[in-house]
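Written out below as structure tokens is the structure these notes cover.
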Amino acid sequence: MAAQCQLAALLQGQGKTDEAESAYRSAILGSKAVFGEDHPTTVARTCRLAELLHGAGQQDEAEELYRQVQNLQRSSLGRTHPDTLAVQTKLGTLLGESGELEEAEQLHRDVVVARKRELGVEHADTMESMVCLAQVLEKRRNFKEAEQLLGLELAWSEKARGIESEHTLRSIRHLARFYENQGRLRDMDALYRRVLEIFEASFGSDTDHPGALSVMSDFAKLLELQEKLDEAEALHRHVLRRREERLGPGHVDTLRSADCLGFALQSRGDLESAEPLHHRALGGLEAKLGPEHPATLTAMSNLATLLHGQEKLAAAEAMHRQVLQVREAKLGTDHRDTLASVANVANVLVARGKFDKAQPLVQREFAWHEQHYGRRDKRTLESARRLTQLHEAQGSSKTPAA
């Protein structure tokens, strides 16, 4: 049974989800037969299966298994045991992704309270639970408390782990993403500039520290949003060059930088220069990470957008639909990356004159923006404008309220 569980973990690591699921189920059946349903070994294996199903987008069964594990752990270990709180966090995250926000918030709040009491405010697990809570609070439009929690966690991580740690870099991304969702690009700009100043003071003005290059890459994407295209291209080229020198041309981070530069060139209308970069990135990432890895899907989406710009609309539609199908299965229908793919497919359909097929996708985009950003946010209003234009193109007089 132990060998079966090890095999499942190996298959999961290789991205062979179906085979890993079968192996986990076999291991669980064997564990139940030998130890019983509530034995720690059985519970641990059930939790691993839930995690696999969660990652594969099988939300309903994953939720059922998480609840089963949570109930068993509460009975055998207590409500504040670390293992109980860990699975409660996983359940809260899943519910947040599924739109069951009230229960998700309560689960995460309970974890924060328990960890503060048991571990202290400045413990890493307590801080991590604050981030989980903040992400649900943002969805519930409690922006003030969400920002406070994200800022508190970042300040703690900088102090405890240093600006260069992977954990701190992730915390920076969390806060930056929050600012982006609120349309607060100036705050994003200030955050990235402050972090890069710290890197420069610590490692020198021409540093090729991996953390600094990661922040530069994110900052370059922000510059694109700010329509500072010259600066964005120059920074993407700098990051790509340093990663090629430091990591080699085939490293995953280098390939991602090639993809980012390609997209920046697309934004400037230089499709000829962008195309080889996108092909390089997609080919390399698919070989190294597999066809369904998020980075591979991003590269595929960017290449499809290039094909759209080249008016190769049938190929662009097929590729965007492929990305959408995988993202819906892996991330769920409510994830922002899934929504981006919905918009991409809709754009190609409009360009092809397939207005009837585009309409439900644009309607879905509008509804998502309204739910996540509010009726008066500029992204919601832009979606409403697109939907109105589409209705007009169909000869309809329907107009969404926004």
Side-chain angles (χ1 to χ4, degrees), residues 9-21 51-59 97 166 169-170 173 177 210 213-214 216-218 220-221 224 236 239-240 243-244 246-267 271 273-310 312-348:
L10 177 64
L11 292 168
Q12 184 177 359
Q14 294 173 339
K16 299 177 180 178
T17 303
D18 292 341
E19 295 173 58
E21 179 183 341
E51 292 169 356
L52 175 72
L53 296 173
H54 185 180
Q58 299 181 45
Q59 307 287 77
E97 294 167 355
E166 282 296 323
L169 294 172
R170 187 168 67 249
R173 292 190 191 99
R177 177 60 61 86
L213 295 178
S214 177
M216 288 178 196
S217 181
D218 290 339
K221 295 172 188 176
E224 291 175 50
H236 279 308
V239 174
L240 176 59
R243 282 178 167 167
E244 285 177 333
R246 182 185 179 93
L247 304 172
H251 191 276
V252 167
D253 288 346
T254 307
L255 295 169
R256 283 174 165 172
S257 289
D259 193 46
C260 288
L261 176 57
F263 192 78
L265 292 170
Q266 273 198 65
S267 300
L271 304 186
S273 299
E275 184 171 7
L277 289 165
H278 286 312
H279 281 293
R280 170 188 171 186
L282 179 57
L285 291 169
E286 193 167 21
K288 288 182 176 293
L289 302 176
E292 297 186 353
H293 189 278
T296 307
L297 294 174
T298 297
M300 187 179 296
S301 179
N302 288 340
L303 178 57
T305 301
L306 176 81
L307 293 172
H308 185 172
Q310 294 174 329
K312 300 175 182 178
L313 299 181
E317 180 183 341
M319 195 171 288
H320 276 314
R321 285 192 181 278
Q322 182 179 347
V323 175
L324 174 59
Q325 182 179 10
V326 176
R327 283 176 168 170
E328 285 183 326
K330 295 288 186 181
L331 303 175
T333 58
D334 192 54
H335 194 279
R336 60 182 290 153
D337 289 347
T338 305
L339 190 279
S341 290
V342 168
N344 287 334
V345 174
N347 290 339
V348 179

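In this chain, numbering begins with 1 at the start of the sequence shown. Atoms considered below: every heavy atom in the structure, side chains included; atoms not considered: hydrogens, waters and symmetry mates.
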Does any part of the side chain of Lys288, heavy atoms only, come nearer than 4.5 Å to the side chain of Leu255, both counted from C-beta?
yes

Passes side-chain contact (heavy atoms from CB on, under 4.5 Å), His251 versus Glu244? Steps please.
CA-CA 8 Å; His251 191 276; Glu244 285 177 333; over 6 Å; no

Check for a donor-acceptor pair, side chain of Glu97 on one end and backbone N or O of Gln59 on the other, with a separation under 3.5 Å.
no

Validation row: Asp218, Arg173 side chains within 4.5 angstrom (heavy atoms):
yes

Is any side-chain heavy atom of Arg243 closer than 4.5 Å to one of Ser214?
yes

Crowded around Gln310 CD? As in, over 12 foreign heavy atoms under 6.0 Å?
yes

Rounding to 0.5 Å, atoms CG (Leu331) and CG (Asp337) come to a distance of 6.0 Å

Side chain to side chain, Arg246 and Pro210, heavy atoms closer than 4.5 Å:
yes

For a 4.5 angstrom cut-off between non-hydrogen side-chain atoms, does Thr296 reach Leu282?
yes

Would you check if Lys330 and Thr17 make a side-chain contact, meaning some heavy-atom pair closer than 4.5 Å?
yes

Give, for atom CG of Leu324 and atom CZ of Arg327, the distance between the pair rounded to the nearest 0.5 Å.
9.0 Å

Before giving the answer on side chain to side chain donor-acceptor pair (under 3.5 Å), spell out for Arg256 and Thr298 the whole-Å C-alpha distance, their side-chain angles and the decisive distance to 0.1 Å.
CA-CA 9 Å; Arg256 283 174 165 172; Thr298 297; over 6 Å; no

Is there a donor-acceptor contact under 3.5 Å from the side chain of Thr338 to the main chain of Thr333?
no

Flag, side chain of Thr305 to backbone of Ser301, donor-acceptor distance under 3.5 Å:
yes

Where the side chain of Thr254 meets the backbone of Pro249, is there a donor-acceptor pair that is under 3.5 Å apart?
no

Here the gap from Arg321 atom CZ to Glu328 atom CD, rounded to the nearest 0.5 Å, amounts to 10.0 Å

What's the spacing between Met319 CE and His308 NE2 if we round to 0.5 Å?
14.0 Å

